[in-house]
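The next block holds one structure in the form of structure tokens; read it before the comments.
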There are 2 protein chains.
Amino acid sequence: MNVESFFSENIKAALKNDPPGAWMPDLPDGCIRLSSGYPDPALVPAEELKEAVARLLDEEQDLPLHYLGSPRIPRLKQQIQKRLAERGICVLEEQLLITSGACQGIDLIARVLLDDKAVVAVESPTYMEALEIFQNYTKRIISIPIDEQGLQTYRLKEMLDERKRTGQTLPRFLYTIPTFQNPTGTTMTNERREHLLELSIEYDFLILEDDAYGELSFDENPVPIKSIDKCGRVLQVGSLSKVVAPGMRIGWIAGESEFIKGFEWFKKDLDHPFAQSSMAVYLENTDFEKRLDLLKDTYRSKCTALIHSMEQFLPESVSWYVPDGGYFVWVRIPGVDTSQLLSQALAEGVSYVPGKYFFLDQNDGTEFLRLSFSYANEKEMIEGIRSLGQLIASSLS
Amino acid sequence: MNVESFFSENIKAALKNDPPGAWMPDLPDGCIRLSSGYPDPALVPAEELKEAVARLLDEEQDLPLHYLGSPRIPRLKQQIQKRLAERGICVLEEQLLITSGACQGIDLIARVLLDDKAVVAVESPTYMEALEIFQNYTKRIISIPIDEQGLQTYRLKEMLDERKRTGQTLPRFLYTIPTFQNPTGTTMTNERREHLLELSIEYDFLILEDDAYGELSFDENPVPIKSIDKCGRVLQVGSLSKVVAPGMRIGWIAGESEFIKGFEWFKKDLDHPFAQSSMAVYLENTDFEKRLDLLKDTYRSKCTALIHSMEQFLPESVSWYVPDGGYFVWVRIPGVDTSQLLSQALAEGVSYVPGKYFFLDQNDGTEFLRLSFSYANEKEMIEGIRSLGQLIASSLS
């Protein structure tokens, strides 16, 4: 039996890409994980979630364990509407779809909006999982560079003008992580957010705003693009993974109802009543602003510790952006190929993500790497940066 | 902004289908639900699941709440391998993919194997959600009738010969629910199971075996087609929804590893660590054979009660298949359009699913309806059938 003969044509093409995460080696035991975009274990509310489940099942018995029936399912939606409203985003019930994490949201959007003729615009660098998702649908991906102020919207305009002039297809949507971007940690300025919205109207594209880190500011949360979008051009993808816990798989898409209807059509894992109801109970028993303050303080302190150790231990030629929130620091090491250095780093007991994997063209970004301050504790981070510093110094000498 | 202009072409086509479940009216309060394919509430192990979550989080703290990390994720896979082995299906770790319910499994398979040129063969009638899923990918669906012994494999052979003779595309796969079929409750005989496998080799198609009800026999569980498949042609989709609880969203696909790799590629909701780990703890603390005996006894008794009340209250002209397990009874009412009767039934406080919604062509099956004995209790069922009987008698007079 010829297995491949059963795959549809576009699937065969997609399967020729590298499998997702193929680059990621196994981490040795005891490795200091500066690569993981995981929340701090101490911040994961395991005890509170356990209580939430107990309360849920005591109150509702079997209801949340059926396909439908728990009153908490619509209530979760309302809680998310409330959280969005607090950030200036007003969505009606039919403009919100609960998804199993932000990734599923991105995939649903790609599924509905892309085909092999569609063009997608992404930031450079960008979240690698999103790149992999888009590449399952189209090969026509264009990338626009990021700097310390986020997406370079003026370069975007130049590229759009050029495409228009030469009769090339314009993008159907642009994917951006404007706030505490993964991997660069940068934040798109307000001026550029407004400019991006203007461009979306002028060149008729949608904006897929990935807001997974949006509430993880060390200070004030930046204004979401969706909150200043008057034309319904922004599809916002959000997630409770970073502010509560990833294991519950709760995210959402917020957008115009005709889009939401389309996305819902293709969402075939149905709802997740148990996980969603549990999360609803957890949220109704949590002072969320207080929780966000705790996250803010913890991550601010950890980021500071990481940056200090980088100043202390990394060679002078190494540079980085200092983030205002989120999980990540983007580091440049001129003269070093960070993907080749990785195995030595692991042998020294510290991991990171080589920068090139965040680029459409993996010949780019070879001098960069992404560090995360979210997961490891401060002592580990200092230790890890010390090792990394020695390693980089050796490589440069 | 022209929303529709952003949808990809094949999506536009799919969205012209009726939305899933569009036919389903809201059930009035207090309605006796003979329409719901839900487990009996008394059989849903809410207390045990609550304990499983508590045990999980006490032992592992934050581990099952991250993207990865709980040792129970691979353990759930092993538990499912063990359950499959007890039914004669031996799968290696790489031949099994955990999905968010059987529906997601069916959608993943359709996604990878179908395009708008592919032909799919289905039973007639069949599970309506599966029909809706396939129609998102291709319009080329052929259906083969069912009788009391399940799929008419000789009719299938005739159709395949005809297609071959006239140069028409052969199906890429055939979707079957051979055991306690939804909606007919029939079970494909062993002879036809073997015949189907022979046909799959001769005409080079795959078999998508939906085994969601496979362990819900009133007596001995029929032999899964996958357990007698020597050539790797069967992709089996299974689920814990009917034997534990739907709300946890745990299912799987079992098949050759190259297929599994392809399906995994497109599964973008990632794993569900919390739900899956919780289920793993529940399973490791449950005598599953004993649980299956309880399900068997309960559903056997309920089915008997339903059939007795049908014999007692339904007019003589009404006929049905008597199932050997599962959730459903398939009823024929000559001279009555059951979809038109539904609103009156709801007004009388009893629901059912009109038969035509299980057919590819909804001009078919208008005289049929599906009753479920799984959800309502025996008293309610008797009451509901009494009302239904009166209603049918009025319609026929």
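Numbers restart at 1 for each chain; the letters A, B, ... are given by sequence-line order, proteins then strands.
- No more than 12 heavy atoms of other residues, nucleotides or ligands lie within 6.0 Å of CZ in B:R55, so this atom counts as exposed by the packing criterion.
- Between chain B and the residues A:P41, A:A54, A:G37, the most heavy-atom pairs under 4.5 angstrom are made by A:P41.
- Within the 4.5 angstrom heavy-atom criterion, only backbone atoms of A:P64 (N, CA, C, O) approach chain B.
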### Query
Should B:R111 and A:S8 be marked as a side chain to side chain contact (heavy atoms under 4.5 Å, CB included) after you check the CA-CA gap, both sets of side-chain angles, and the distance that decides it?
CA-CA 8 Å; B:R111 174 122 170 61; A:S8 68; over 6 Å; no
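- In this structure, no portion of A:A118 lies under 4.5 Å from any heavy atom of chain B.
- When all heavy atoms are compared, the tightest approach of B:F7 to A:E258 is CZ-O, 3.6 Å.
- Comparing A:V112, A:D115, A:V53, A:V44 by heavy-atom pairs within less than 4.5 Å of chain B, the highest count is held by A:V112.
- Counting only residues at least two apart or in different chains, salt bridge (charged side-chain N to carboxylate O under 4.0 Å, His left out) contacts with residues 56-73 of chain B comprise A:K50-B:D58, B:E59-B:R72, B:E60-B:R72, B:R72-B:E284.
- Within a 6.0 Å radius of NZ in B:K12, other residues, nucleotides and ligands contribute more than 12 heavy atoms.
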#### Entry: Derivation of the side chain to side chain contact (heavy atoms under 4.5 Å, CB included) call for A:R249 and B:Y67
CA-CA 9 Å; A:R249 312 308 301 121; B:Y67 292 105; 3.9 Å; yes
### Message
Go through it in stages, so that I can follow the logic: the residues are B:M1 and A:L206, the test is side chain to side chain contact (heavy atoms under 4.5 Å, CB included), and I'd like the CA-CA distance, side-chain angles, deciding distance and then a yes or no.
### Response
CA-CA 10 Å; B:M1 180 179 69; A:L206 300 173; 3.7 Å; yes
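- Of all heavy-atom pairs between A:L57 and B:A46, the closest is CD1-O, 3.4 Å.
- Residue A:C231 touches chain B through its backbone alone, counting heavy-atom pairs closer than 4.5 Å.
- Among all heavy-atom pairs drawn from B:G247 and A:P273, the shortest one is O-CD, 3.7 Å.
- When the candidates A:R233, A:E256, A:K267 are compared by the number of heavy-atom contacts under 4.5 Å with chain B, A:R233 comes out ahead.
- Heavy atoms from other residues, nucleotides or ligands lying under 6.0 Å from CG of B:N2 number more than 12.
- Contact tally against chain A (heavy-atom pairs below 4.5 Å) for B:D107, B:T99, B:L113, B:L49: the top residue is B:L113.
- Exactly one residue among A:S36, A:P39, A:S241 makes a side chain to side chain contact (heavy atoms under 4.5 Å, CB included) with B:H66. That residue is A:P39.
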### CA sep, side-chain torsions, deciding dist, call: A:F6, B:D204, side chain to side chain contact (heavy atoms under 4.5 Å, CB included)
CA-CA 10 Å; A:F6 290 98; B:D204 196 25; 3.4 Å; yes
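- With respect to chain B, the highest number of heavy-atom pairs below 4.5 Å among A:G232, A:G262, A:A275, A:P246 belongs to A:P246.
- With a 4.5 Å cut-off on non-hydrogen atoms, A:L68 touches chain B through its backbone and its side chain both.
- Atom CZ of A:R140 sits in a crowded spot, with more than 12 heavy atoms from other residues, nucleotides or ligands closer than 6.0 Å.
- Heavy atoms closer than 4.5 Å to chain B are found in both the backbone and the side chain of A:F266.
- Heavy-atom pairs under 4.5 Å with chain A were tallied for B:M248, B:Q276, B:Q61, B:E264; the largest tally goes to B:M248.
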